[in-house]
Q: 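Structure below; questions to follow.
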Amino acid sequence: DHLQSDASENHFNEADEFRRLYAFLLFTTALWISGKLFARLGMPALVGEILVGILAGPHVENWVPETDALILQGDLALVLLMIEAGLHVDMEMIKIVGLRALAVGVIGSFLPMGLGMAVATLILRLDAMESFAIGASFATMSTGIALNVMKAGGVLNQPSGQLLLAAATVNELINISLITEIDAVVANGPWHTFVFPIVIMLLLVVFMSFVAVKVVPCFLDQVLPRVDPKNQENVVLGLLLVTTVVYMPACKLTGSSALLGAFLAGFCFCTDEHVHHTWKRQVKRVATFLMRYFFACSIGFTVPVEDFRNVEVWRRASILLMCIVGKICMGFFAMPLTLNEFLSLGFAWGSWGEFSFILAVRALRGNLLSGENYSALVLAVLISILICPTALRFVLSRSEKEAKKCIQEAKKDTALGETGVVHAVYYCVQTRSHALWGQQGALLNMLVEVGCKIVDFRSFHPFSDVGTKHIINELYLKDTQLQLVLAEHLEPEDQERLNLRTKEILRAVLAALRSAEVKISRWQPGEGTSELIEEVHHGASSYDVPVGSMGSFRRSESPYDQIAAQQAHVDIQDSMTRHGQGWQGDIGAVLDEYCRPGTPTAHHELDGWVHTDAHDAFNLMSVKARSRSMASSEDDFGDSSIEESTASERV
């Protein structure tokens, strides 16, 4: 009997274990499928994951096992999310955008927060603490969703996308401080528990900025070469995790949120490319998968589904949703301030995000929010997440059509059939410089002042090597003040007008960027002439046109031109193969059509007439040394130093 009892008990335990395991598998599968399905429908995946959590959680079916363990996994996902947020801090981007980034980050956080508190107090008649909790939840923005939509639209490296990136960092720091304040309110501590943690947080951020720029890169440059290449990723990831383990309890002891420690740990390594590469390879997918448990369990399990059938909850959610106006009006900080740019930035900033749920859950657990108000708050956030990304996609689609229309107009104006006809002049302006405070806005303003319409503006720079001369800007402009005949060789008067105009544009660019390398080309995507007609260089390198002679120069047809162009053709082919622009099978045909050896069309015409991916517009200058060595091996070429200089400068 005793043996039979033990066998029966073991059999029961095994059956129960299988049931729990199978239920967990079903829950995870449902999460994955719902996320993919909602993403396929053009909606954020987190909406589907929260709905699965609501339906499978304790308020409906209650068939998910080990709910506490799943909520703990969701909290771990938050830690990884904060580390990634710290890693993605781009200090040079904040410097480039300047005051507008701080304005959008601060005003775009506290304005909707103030509106939320006012609506909760004056309309919903809530007490001060509950109003503060609702207002704090409205101070957030959905960085991940907005960046994904803008990245898919190809505008992340344009002014609005870069403004969003820079302002999002400011918003994340404000959100962390609000978590600290919510915890202090729940703990009902003395006044210094509200003030000291914020002061300490600001001091830590300043100190970690120094560590990220001056200490960590030098340390890793010394350590990693001594490590076996096979183990370098493990060493880098181990250092990041150990730093997190140290910083989280340290920040908790100061009275700040432990999530601040995770953010600062990632922030320490934000300027090192090894850490970015390792995180993307080894952790990114794990963190993304674990975030499903946060949305489904930490959020979905806490929402009573019967509240969504309550008319009062929908009424309160509709009232709270009006606060989104305070976020959309951030579009007024867009540059240039056109309707599309206003709507793009406004809708990108408009949706509330992950931190809204984090703050709401903490307020609920601390009894700052009642059940109905919590459900109304979650519902308002979900509606914003559905509306704003959809509207943003529509605006970006319309902007893309208008940009293509401008490029088609440029192609038409510079087509072969338009030779001899007067048209507006188009330029490609490429710059390389150090990061300067507010340089993006200064450059945009100066170009508008000299009468240029911006067709496309993109900027590129790596995370690493902060402080070096690696900020690349590339602008495509339409001159609204100068029109010239489309011709292979301009008449002397037209040539002089073009020279004066390029000098004026060059002075405007240098006024905005100060010490910079600048290359101005006459952009002719329609190929009405065999090559670009005029080009101006300015910079500190030996191959640049001297400052005293900033005028345009003509391209000669010397043998050195042919050699340099052929080498440039090979370089471009290698570059296109590395970048994989989707033309892998047609690279040769594309180059033959647009960049024939011997006819060096400017490299910025390769990627569908306008570059969208990161590149250095000045890399082709390195062909100078190679072309000189190739030329010296040709017996039938002369040794004219003037022709050699002209060829190398042109390429």
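Remember, it's a predicted structure, so these values are computed and weren't measured experimentally.
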Q: So, for Ile145 and Pro389, which heavy atoms are closest and what is the spacing to 0.1 Å?
A: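 Smallest heavy-atom distance, with atoms named: CG2-CG, 3.5 Å.
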Q: For residues 18-27, which side-chain N or O atoms pair as donor and acceptor with protein atoms under 3.5 Å away, sequence neighbours left out?
A:
{"from": "Arg19", "atom 1": "NH2", "to": "Asp16", "atom 2": "OD1", "distance (Å)": "3.2"}
{"from": "Arg20", "atom 1": "NE", "to": "Asp16", "atom 2": "OD2", "distance (Å)": "3.4"}
{"from": "Arg20", "atom 1": "NH1", "to": "Glu66", "atom 2": "OE2", "distance (Å)": "2.8"}

Q: Please evaluate residues Ile358 and Asn175 with respect to the criterion side-chain contact (heavy atoms from CB on, under 4.5 Å), reporting the C-alpha separation (whole Å), side-chain torsions for both, the decisive distance (0.1 Å), and the verdict.
A: CA-CA 10 Å; Ile358 298 171; Asn175 293 336; over 6 Å; no
Q: Which value, rounded to the nearest 0.5 Å, describes the distance between Leu513 atom CG and Thr431 atom OG1?
A: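 Those atoms lie 5.0 Å apart.
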Q: Keeping Thr271 on the side-chain end and Ala212 on the backbone end, is there a donor-acceptor pair under 3.5 Å?
A: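 Yes; at least one donor-acceptor contact below 3.5 Å.
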Q: Do the non-hydrogen side-chain atoms of Ile182 and Phe132 ever get within less than 4.5 Å of each other?
A: yes
Q: Using salt bridge (charged side-chain N to carboxylate O under 4.0 Å, His left out) as the criterion, list what pairs up with Glu233, not counting sequence neighbours.
A: Arg281
Q: So, using side chain to side chain contact (heavy atoms under 4.5 Å, CB included) as the criterion, who are the partners of Ala435 when residues are at least two apart?
A: Glu92, Lys95, Ile96, Ile471
Q: Is a donor on one side and an acceptor on the other found under 3.5 Å between the side chain of Ser256 and the backbone of Lys252?
A: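 A pair under 3.5 Å: no.
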Q: Any chance CH2 of Trp63 has more than 12 other-residue heavy atoms, nucleotides or ligands included, within less than 6.0 Å?
A: yes
Q: Please enumerate all residues that pass side chain to side chain donor-acceptor pair (under 3.5 Å) together with Ser375, with sequence neighbours excluded.
A: Asp307
Q: Could you give me the CA-CA distance, side-chain angles and deciding distance for Asn171 and Ser109, then say whether side chain to side chain donor-acceptor pair (under 3.5 Å) is met?
A: CA-CA 6 Å; Asn171 178 257; Ser109 300; 2.7 Å; yes
Q: State, to 0.1 Å, how close Ser137 and Ala360 come at their nearest heavy-atom pair, and which atoms those are.
A: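 Result for this residue pair: OG-N, 3.7 Å.
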Q: I need the Leu80 CG to Leu241 CG distance, nearest 0.5 Å.
A: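 With rounding to 0.5 Å, CG (Leu80) is 8.0 Å from CG (Leu241).
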Q: Taking it one step at a time, do Leu382 and Leu386 satisfy side-chain contact (heavy atoms from CB on, under 4.5 Å)?
A: CA-CA 6 Å; Leu382 287 176; Leu386 290 174; 5.6 Å; no
Q: With sequence neighbours left out, write down each residue that passes ring pair (Phe, Tyr, Trp, His ring centres under 6.0 Å) with His276, or none if nothing qualifies.
A: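 His276 satisfies ring pair (Phe, Tyr, Trp, His ring centres under 6.0 Å) with Phe463 only.
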Q: Which atom names give the shortest non-hydrogen contact between Leu70 and Pro65, and what distance separates them?
A: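 So the two residues come closest at CD1-O, 3.7 Å.
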Q: Are Val97 and Leu102 packed together at the side-chain level, in the sense that at least one heavy-atom pair is separated by less than 4.5 angstrom?
A: no
Q: Could you tell me if the side chain of Val104 sits less than 4.5 Å from the side chain of Leu163, heavy atoms only?
A: yes
Q: List the residues meeting side chain to side chain contact (heavy atoms under 4.5 Å, CB included) with Ala262, not counting sequence neighbours, and say none if there are none.
A: Val79, Met82, Ile83, Thr244, Met248
Q: Taking all atoms of both residues into account, what is the closest heavy-atom pair of Leu164 and Ala146, and its distance?
A: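 That closest heavy-atom pairing would be CD2-CB, 3.9 Å.
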Q: Considering all heavy atoms of both residues, which atom of Gly350 and which atom of Cys388 are nearest to each other, and what is their separation?
A: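 Distance-wise, the nearest heavy atoms are C-SG, 3.6 Å.
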Q: Among all residues two or more places apart in sequence or in another chain, which pass the side chain to side chain donor-acceptor pair (under 3.5 Å) test with Ser209?
A: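 Scan of Ser209 (side chain to side chain donor-acceptor pair (under 3.5 Å), adjacent residues dropped) gives none.
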Q: Heavy atoms, side chains only, cut-off 4.5 Å: are His88 and Cys270 in contact?
A: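 Heavy-atom side-chain distance check fails, nothing below 4.5 Å.
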Q: Mind checking what makes side chain to side chain contact (heavy atoms under 4.5 Å, CB included) contact with Leu165, not counting sequence neighbours?
A: Met93, Leu147, Leu156
Q: Check whether any side-chain heavy atom of Val361 sits under 4.5 Å from a side-chain heavy atom of Tyr374, and report yes or no.
A: yes
Q: Do Ser298 and Tyr293 have side-chain N/O donor and acceptor atoms under 3.5 Å apart?
A: no
Q: Closer than 4.0 angstrom, basic N to acidic O: yes or no for Glu49 and Arg292?
A: yes
Q: The criterion is salt bridge (charged side-chain N to carboxylate O under 4.0 Å, His left out); which residues satisfy it with Arg362, sequence neighbours excluded?
A: Asp183
Q: How long is the gap from CG on Leu264 to CG on Leu259, to the nearest 0.5 Å?
A: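 So the gap between those two atoms works out to 11.0 Å.
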Q: Kindly compute the distance separating CD1 (Ile472) from OG (Ser433), expressed to the nearest 0.5 Å.
A: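 Result: 8.0 Å between the selected atoms.
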Q: With heavy-atom distances below 4.5 Å as the criterion, would you say the side chains of Ile179 and Phe355 are in contact?
A: yes
Q: With sequence neighbours excluded, what pairs up with His434 under the side chain to side chain contact (heavy atoms under 4.5 Å, CB included) test?
A: Lys469
Q: Does the side chain of Leu239 come within less than 4.5 Å of Leu220's, by heavy atoms?
A: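 Result yes, sub-4.5 Å side-chain heavy-atom pair found.
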Q: Could you go through Trp279 and Val236, starting from their C-alpha distance and side-chain angles, then the distance that decides it, and tell me whether this counts as side-chain contact (heavy atoms from CB on, under 4.5 Å)?
A: CA-CA 9 Å; Trp279 183 269; Val236 166; over 6 Å; no
Q: Report yes or no: does Asp272 contribute a side-chain atom to a donor-acceptor pair with the main-chain N or O of Val275 at less than 3.5 Å?
A: yes
Q: For Cys268 and Tyr247, what are the C-alpha separation, side-chain angles and deciding distance, and is it a side-chain contact (heavy atoms from CB on, under 4.5 Å)?
A: CA-CA 11 Å; Cys268 283; Tyr247 282 6; 3.6 Å; yes
Q: Which atom pair, heavy atoms only, marks the closest approach of Ala265 to Leu240?
A: O-CD1, 3.6 Å
Q: Measure the shortest side-chain to side-chain distance between Phe295 and Leu31 over non-hydrogen atoms and say whether it is less than 4.5 angstrom.
A: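 They are not in side-chain contact.
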Q: Could you measure the distance from the CG atom of Leu396 to the NZ atom of Lys151? Nearest 0.5 Å is fine.
A: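 Interatomic distance, Leu396 CG to Lys151 NZ, rounded to 0.5 Å: 15.0 Å.
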Q: Any donor-acceptor pair under 3.5 Å linking the side chain of Arg100 with the backbone of Phe333?
A: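 It does hold such a pair.
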Q: Walk me through whether Arg514 and Gln439 qualify under side chain to side chain donor-acceptor pair (under 3.5 Å).
A: CA-CA 9 Å; Arg514 302 175 197 168; Gln439 72 175 44; over 6 Å; no
Q: Would you find more than 12 non-hydrogen atoms of other residues, nucleotides or ligands less than 6.0 Å from Phe194 atom CZ?
A: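 Correct, the count exceeds 12.
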Q: Please list all pairs meeting side chain to side chain donor-acceptor pair (under 3.5 Å) that have one or both residues in residues 347-356, counting only residues at least two apart or in different chains.
A: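 Output for this query lists Thr140-Ser356.
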Q: Atom CZ of Phe263 and atom SG of Cys251: how far apart are they, to the nearest 0.5 Å?
A: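 The distance works out to 11.0 Å.
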Q: What residues form a salt bridge (charged side-chain N to carboxylate O under 4.0 Å, His left out) with Lys284, not counting sequence neighbours?
A: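 Lys284: salt bridge (charged side-chain N to carboxylate O under 4.0 Å, His left out) contacts with Glu84.
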